[in-house]
Novice: 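Have a look at this one.
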Amino acid sequence: MTAHLSFSERLLAWFDRHGRKDLPWQQSATPYRVWVSEIMLQQTQVSTVISYYQRFMARFPDVRALASAELDEVLHLWSGLGYYARARHLHAAAQHVCSVYDGVFPTDLEAMQTLPGVGRSTAAAILSLASGVAEPILDGNVKRVFARHAGIDGWPGDVAVQRRLWALAETRMSTTRPGPYNQALMDLGATLCTRAQPRCEQCPVRGDCVARLGARQSELPTPRPRRVQPLRSTTMLLVENAEGRILLEQRLPVGIWGGLWAPPECPPDWEPTAFCHERLGVVAAVIRELPGFRHTFSHFQLDIRALHLRTQGGSDRVMEGPERVWYNSRLPDARGLAAPVQRLLASLRDEP
DNA sequence: AAATCGGGGAG
DNA sequence: CTCCCAGATTT
């Protein structure tokens with residue numbers, strides 16, 4: 001009976017009944033108000049954005065108010081949202097609109113994208129939601145909806161996949177009600193076609209959704225390829241003195257565990273005891289090797305090998321160099337220890 | 001603990 | 001071009 005309704009017709013009918021039409025930026029949806037909301041929504045979900053948005057609008061009611069503000073104040077109102085480069089772009093773009101476009105937002109897609117922080121999708125959202133221009137959007141929610149409904153395989157970040165998604169976005173664009181259609185797409189992705197546990201029973205386009213028909217909702221969109229994590233390795237020297245304390249040194253402020261305290265690392269081409277003597281000034285002998293383990297960072301993995309050493313002949317004066325302490329792990333103080341270091345210290349405590 | 005999100009900037 | 005990043009939140 002409803003088999004002949006198009007994608008956009010079904011979506012719009014659902015939107016008219018269930019879509020959100022009372023969000024702050026939907027009231028008197030000017031390009032300025034929509035733009036600010038879109039930038040905030042790129043990084044944060046609706047429920048969090050609302051209060052930030054209202055404070056922001058109360059202070060900067062129009063683009064001229066924003067353009068003439070101090071960046072510091074803009075950042076202050078952004079505090080807690082994260083992605084502070086976007087607040088800087090927002091401020092710069094406001095000044096751009098005032099100086100180049102005399103305070104009036106551009107009305108075509110190309111010009112809109114000259115604003116810092118505004119790419120194709122954000123430009124299209126502003127034009128369609130505020131001015132009813134029929135330009136398709138493609139944010140994360142919409143990519144998920146299309147990838148599932150049309151059964152588009154492949155990671156959406158991949159150029160070829162992105163091209164297919166944009167093509168689909170163009171062909172499905174509603175020319176009769178562009179604004180509500182784009183809002184409906186975003187609402188569908190945010191409320192029903194969610195990343196985990198989508199509520200397909202309530203979806204207006206479930207009838208011809210490729211993912212649902214193939215029970216592939218959880219596989220689409222294809223997740224980002226797990227990049228092969230580089231594997232590094234290190235040997236940590238747990239040097240224990242006569243009082244049962246462990247030598248820790250403060251790491252350089254840059255790089256992993258910057259500024260945190262950790263046992264000295266033995267370079268691969270050094271004998272551990274020689275390294276202790278010549279680089280740390282400590283005479284120590286290896287007692288045993290502790291069980292090694294693998295620690296996963298966001299961008300690499302680290303195989304950690306740990307040697308337990310004991311100082312010889314009361315040697316516990318250390319050389320100049322990085323900040324070093326003999327640390328009593330039974331009486332932990334306030335210094336920062338990386339998780340793997342805590343784990344190593346704990347294993348020494350439990351099994352000395 | 002891992003994935004995420006649209007655009008900018010580096011390589 | 002292609003790759004990588006921000007950074008708080010969600011799962």
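Lettering follows sequence order; numbering is per chain, from 1. Nothing here was measured: the structure is a model prediction, and the numbers come from that model.
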Novice: Measure the acute angle between the ring planes of A:Phe105 and A:Tyr32, then classify it against the limits of 30° and 60° as parallel, tilted or perpendicular.
Specialist: tilted
Novice: How do A:Thr48 and A:Ala85 order along DNA chain C: which one's closest nucleotide is nearer the 5' end?
Specialist: A:Ala85
Novice: By the 4.0 Å heavy-atom rule, please label A:Arg88 as base, sugar-phosphate, or nothing.
Specialist: nothing
Novice: Check step by step if side-chain contact (heavy atoms from CB on, under 4.5 Å) holds for A:Leu109 and A:Gln113.
Specialist: CA-CA 6 Å; A:Leu109 200 66; A:Gln113 289 179 82; 3.7 Å; yes
Novice: Roughly how many Å is it from CH2 in A:Trp155 to P in C:dT2, rounded to a whole number?
Specialist: 12 Å
Novice: When the distance from CH2 of A:Trp78 to P of C:dT9 is rounded to whole Å, what number comes out?
Specialist: 14 Å
Novice: Between C:dT9 and B:dG8, how many Å separate the two P atoms, rounded to a whole number?
Specialist: 24 Å
Novice: Reading DNA chain C from 5' onward, which residue's closest nucleotide shows up sooner: A:Arg195 or A:Val159?
Specialist: A:Val159
Novice: Considering just the side-chain nitrogens and oxygens of A:Gln43, establish if one lies under 4.0 Å of OP1 or OP2 belonging to C:dG7.
Specialist: no
Novice: What is the separation between atom CZ on A:Arg144 and atom C1' on B:dA3, rounded to the nearest whole Å?
Specialist: 12 Å
Novice: Within a strict 4.5 Å, meaning less than it, do heavy atoms of the A:Ser131 and A:Thr107 side chains meet?
Specialist: no
Novice: Whole Å only: how far is the CZ atom of A:Arg163 from the P atom of C:dC1?
Specialist: 11 Å
Novice: Run the ring-ring contact (aromatic ring centres under 6.0 Å, His included) test on A:Trp261 and A:Tyr327 for me, step by step, so that the C-alpha distance in whole Å, both residues' side-chain angles and the decisive distance to 0.1 Å come before the verdict.
Specialist: CA-CA 10 Å; A:Trp261 294 78; A:Tyr327 184 76; 8.4 Å; no
Novice: In whole angstrom, give the distance that lies between atom OH of A:Tyr52 and atom C1' of C:dT9.
Specialist: 12 Å
Novice: Going by atom type alone, with no hydrogens or angles, which donor-acceptor pairs under 3.5 Å involve a side-chain atom of residues 197-204 of chain A and a protein atom two or more places apart or on another chain?
Specialist:
none

Novice: Hydrogens and angles aside, do A:Arg172 and A:His149 bring a side-chain donor and acceptor to less than 3.5 Å of each other?
Specialist: yes
Novice: Just checking A:Glu271: does its CD atom have more than 12 heavy atoms from other residues, nucleotides or ligands closer to it than 6.0 angstrom?
Specialist: no
Novice: Nearest whole Å is fine: how far is C:dT2 P from A:Asp158 CG?
Specialist: 9 Å
Novice: Find every protein N or O atom lying less than 3.5 Å from an N or O atom of nucleotides 6-9 of chain B, and list the pairs.
Specialist:
unit_1, atom_1, unit_2, atom_2, d
B:dG6, OP1, A:Gly140, N, 2.0
B:dG6, OP2, A:Gly140, N, 3.2
B:dG6, O3', A:Thr122, OG1, 3.4
B:dG6, N1, A:Arg86, NH2, 3.3
B:dG6, N2, A:Arg86, NH2, 2.1
B:dG6, N3, A:Arg86, NH2, 2.5
B:dG7, OP1, A:Gly119, N, 2.9
B:dG7, OP1, A:Gly119, O, 3.4
B:dG7, OP1, A:Thr122, N, 3.1
B:dG7, OP1, A:Thr122, OG1, 2.8
B:dG8, OP1, A:Gly117, N, 2.5

Novice: Looking only at atom P, what distance separates B:dG11 and C:dA6, rounded to whole Å?
Specialist: 14 Å
